[in-house]
Amino acid sequence: MFTMTRAFPRILCLLALCLAAAGCARPSMTVNALAGRPDGAADRASYVILPGAADIPANDLLFAEYRGHVARLLQETGFAVAGSPAEAGAAVFLSYATREMAAYPGPGPTVGVGVGSGGYSDRDWDGWGGGRFFGLGIGIPVGGGRVVTRYRHSVTLDAKTFTPGAAVPDSGTGLWKVTLTVDNDADILRLIMPAMLEAAKPYINTDSHGPVTVAFEE
């Protein structure tokens, strides 16, 4: 009868650890930050938060909610928030978008591990003998009967000097800019916007020297 080697339990333990690590992976986002004014002008300014895209109305309810998140972010990172555009010397132009990336068959909900052993015996006239065999199978299904759609969420905070009443509000000098990008299977940016901004705190008014990956709690 087949006897398992001592290495086999170790193989199963390693498999379990790998599966647990995959299931516990934290979500992440990409941060790309720029800082254009080393003279301290960004720190001294009082900010107003305005739409950063033509398709975002200033009186939109969703924009008003996001503006509140950004105002809290500015205050918690040491910046002043103006009570009105007339009191502001700088503006953060807030833009955001969610777009569908791809749809494909999603993984199944289970992972299977199979172990088997057995034998056979053939004592017919032709003289063939018998033997034993052992098999180990690990199955991770690639199709679970559902379709997964991936979405890309992006948020951009573009800080510039601001002149109240200017014909082109976003024509000021750039102070700093940060772009946040998250790819996941949820199509609602509203659910993760606060977590994205929280994780972006260390990058406000700094230069990341290119895109960096940051973990965040949804």
Side-chain heavy-atom pair Ile49, Leu74 within 4.5 angstrom cut-off: yes

Residues which pass side-chain contact (heavy atoms from CB on, under 4.5 Å) with Pro211, listed by chain and number, not counting sequence neighbours: Thr30, Asn32

Heavy-atom closest pair, residues Ser208 and Gly210: OG-O, 2.7 Å

Contacts of Phe162 that satisfy ring-ring contact (aromatic ring centres under 6.0 Å, His included) - sequence neighbours left out: none

Donor-acceptor pair, side chain of Arg152 and main chain of Met101, under 3.5 angstrom: no

Heavy-atom pair with the smallest gap, counting every atom of Tyr203 and Val212: CE2-CG2, 3.8 Å

Residue pairs, two or more places apart or on separate chains, that pass salt bridge (charged side-chain N to carboxylate O under 4.0 Å, His left out) and touch residues 195-206: Glu76-Lys201, Glu198-Lys201

Same apolar cluster: Val48 and Leu157, side chain cutoff 4.5 Å: no

Joint cluster assignment, Leu189 & Ile56, ILVMFWY side-chain distance < 4.5 Å: yes

Results of side-chain contact (heavy atoms from CB on, under 4.5 Å) for Asp170 - residues two or more places apart only: Phe93, Lys160, Val168

With sequence neighbours excluded, residues passing side chain to side chain donor-acceptor pair (under 3.5 Å) with Asp207: none

Audit row: Leu197, Arg72, side chain to side chain contact (heavy atoms under 4.5 Å, CB included) steps and yes/no: CA-CA 10 Å; Leu197 296 177; Arg72 184 165 53 254; over 6 Å; no

Cluster check Val70, Leu50: I/L/V/M/F/W/Y, side chain < 4.5 angstrom: no

Shared hydrophobic cluster, Val214 / Ile192 (ILVMFWY, side-chain heavy atoms < 4.5 Å): yes

Partners passing side chain to side chain donor-acceptor pair (under 3.5 Å) against Glu65 (at least two apart in sequence or in another chain): Arg190

Closest contact, heavy atoms only, Ala215 versus Ala199: O-CB, 4.0 Å

Partner residues of Tyr66 under the side chain to side chain donor-acceptor pair (under 3.5 Å) criterion, sequence neighbours left out: none

Pairs satisfying side-chain hydrogen bond (donor to acceptor under 3.5 Å, both in side chains), at least one member in residues 83-99, at least two apart: Thr98-His153

Contact list for residues 46-55, test side-chain hydrogen bond (donor to acceptor under 3.5 Å, both in side chains), sequence neighbours left out: Tyr47-Trp176

Residue list, side chain to side chain donor-acceptor pair (under 3.5 Å) with Arg44, at least two apart or on another chain: none

Heavy-atom check, side chain of Thr77 versus side chain of Asn205, under 4.5 Å: no

Nearest heavy-atom neighbours spanning Val182 and Met196: CG2-CE, 3.8 Å

Same apolar cluster: Phe79 and Val81, side chain cutoff 4.5 Å: yes

Asp187 vs Glu100, side chain to side chain contact (heavy atoms under 4.5 Å, CB included): CA-CA, chis, key distance, verdict: CA-CA 8 Å; Asp187 63 348; Glu100 183 177 314; over 6 Å; no

Thr161 (side chain) donor-acceptor with Thr173 (main chain) under 3.5 angstrom: yes

Considering all heavy atoms, the nearest Phe63-Pro51 contact: CZ-N, 3.5 Å

Rounded distance [0.5 Å steps], CG in Leu180 versus OG1 in Thr156: 7.5 Å

Partners meeting side-chain contact (heavy atoms from CB on, under 4.5 Å) with Leu191 (sequence neighbours left out): Ile188

Those residues that, when tested against Pro194, pass side-chain contact (heavy atoms from CB on, under 4.5 Å) (two or more places apart): His69

